[in-house]
There are 2 protein chains.
Amino acid sequence: MYSRVMKATKDHLVEAAAELLWERGYAATSPAMIQKRSHAGQGSMYHHFSGKADLAVTAMRHSAGQLRLATETALDSGTTALERVGAYLDMERNPLAGCRVGRLVQDPDVVADDRLRAPVEEFFTWLQQRIADVLAEGVRSGELRPDTDVAAMASLVIATVQGGYVLARAQQDQAAFRRATQAAKSALVHLRA
Amino acid sequence: MYSRVMKATKDHLVEAAAELLWERGYAATSPAMIQKRSHAGQGSMYHHFSGKADLAVTAMRHSAGQLRLATETALDSGTTALERVGAYLDMERNPLAGCRVGRLVQDPDVVADDRLRAPVEEFFTWLQQRIADVLAEGVRSGELRPDTDVAAMASLVIATVQGGYVLARAQQDQAAFRRATQAAKSALVHLRA
DNA sequence: GTCTATAGTACGATAGAC
DNA sequence: GTCTATCGTACTATAGAC
């Protein structure tokens, strides 16, 4: 029997791992760090998970799920396609922290192991399709030009966000992120029919 | 006396470190790996450099310098501003390998240490200014609209490339990178006066 | 389920011979 | 300048008591 309000040690481990994966990536995060942050012992971690990789996959799915929910909310807020994609670009983010999902892609161990990469790939594949769908709806409704390459524009929007994180972290300045996303919004306006 | 053709052990260390930093990042690259790839012993590395961080800074400046030269070449190839920025977007790259400079920005140890972050920050600050200058010249010559926000567009172009790497690595597909850069080129066309 | 103890390996760095 | 030997620490994981 699991309580609905009390969080189990397992949940604390997953959340601590998700935080550390966000902050430090996979390779630079050690089981000891996760245990310390979640106030769990060695034994607890190895009881609930087979090892670092197993816990990381669970934590990555946790992070991707959270981000997916927040993204859905943004993409559903607004009536026109440009409003909805604009809301995605304007989502509340901490540019200096980086993307909790996208940052994992730089890790050699993550890309090398299909089990570790799967949650990341699934997230971006879903996101690409989701934004392309919103744009396609805009084309169908007559809001956007009929010759709009919705797949390419979706890639541009996502790349702008991911690249914006890189610029912000490199210069330690949130403004670098905003410059990129605002420029993307300006570019989207030209898709209007 | 240093020969002009024979590479010294120090150069081998720097090049091996630059490769590994590109492939694996800072935290996941160990001195032992660098020594093995450069066929140098422990003693050689610690004779020429004070430690891992010192060698890494030298290797990062080496990588940034190479990329800066290649980028200069691209930005100088073409007559119009759109051709020159387009050449930057179309530079020969391996999207699955990631950006040798941009990837370092995800490393917590790099961002935490100003000495390690400096080469990365300098590169992106230079790149941002360089692309903004090319666009500004396009505005001045009458090629681009006078109300063009050159700083924002430069950020969009750079973010597209950096984000394109993220998409390509996440999906293990070069096409994801090309979709983003081609969409950026389409967006740039709308800047025409 | 959680704890402590410990395994075996690799880490980054230093010492000292040559 | 380069080598081997070694330091002390941290790594990921397992064992076995409770």
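Just so it is clear, the structure is predicted and the values come from calculations on it, not from any experiment. Heavy atoms only: backbone and side chains are in, while hydrogens, waters and symmetry mates are out.
Between A/H47 and C/dC3, a side-chain N or O to OP1/OP2 separation shorter than 4.0 Å is absent. Checking the phosphate oxygens (OP1, OP2) of D/dG1, no side-chain nitrogen or oxygen of B/T9 falls inside 4.0 Å. Residue B/Y46 places none of its side-chain N or O atoms closer than 4.0 Å to OP1 or OP2 of C/dT14.
For the ring pair (Phe, Tyr, Trp, His ring centres under 6.0 Å) test, residues two or more places apart in sequence or in another chain that qualify with B/Y165 are B/F177. By the side chain to side chain contact (heavy atoms under 4.5 Å, CB included) test, A/S77 is found to be paired with A/A87, residues two or more places apart in sequence or in another chain being considered. With sequence neighbours excluded, the residues satisfying side chain to side chain contact (heavy atoms under 4.5 Å, CB included) with B/Q42 are B/Q35.
A/D54 has its CG atom 13 Å from the C1' atom of D/dA13, to the nearest Å. The distance from atom CZ of A/F49 to atom P of D/dT12 is 16 Å, rounded to the nearest whole Å. Summarising the geometry, the separation between NE2 on B/H12 and P on D/dG1 is reported as 16 Å, rounded to the nearest angstrom.
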Polar atom pairs (N or O), protein with nucleotides 6-11 of chain C, under 3.5 Å:
residue	atom	partner	partner atom	Å
C/dC11	OP1	B/S30	OG	3.1

Kindly give the atom pairs (protein nitrogen or oxygen, nucleotide nitrogen or oxygen) under 3.5 Å for nucleotides 16-18 of chain C.
none

Please list, one pair per line, the donor and acceptor atoms closer than 3.5 Å that link side chains of residues 89-102 of chain A to other protein atoms, with sequence neighbours excluded.
residue	atom	partner	partner atom	Å
A/D90	OD1	A/Q182	NE2	3.3
A/D90	OD2	A/K185	NZ	2.3
A/R93	NH1	A/Y88	O	3.1
A/R93	NH1	A/L89	O	3.1
A/R93	NH2	A/Y88	O	2.8
A/N94	OD1	A/L96	N	3.2
A/R100	NH1	A/Q66	OE1	3.0

Verify side-chain hydrogen bond (donor to acceptor under 3.5 Å, both in side chains) between A/E137 and A/S141, making sure each step is shown before the conclusion.
-> CA-CA 6 Å; A/E137 205 177 302; A/S141 73; over 6 Å; no
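Inspection of the B/Q128 and B/S155 side chains reveals an N or O donor paired with an N or O acceptor under 3.5 Å.
The shortest distance between side-chain heavy atoms of B/E23 and B/L20 falls below 4.5 Å.
Closest approach of A/L156 and B/A180 over heavy atoms only: CD1-O, 3.9 Å.
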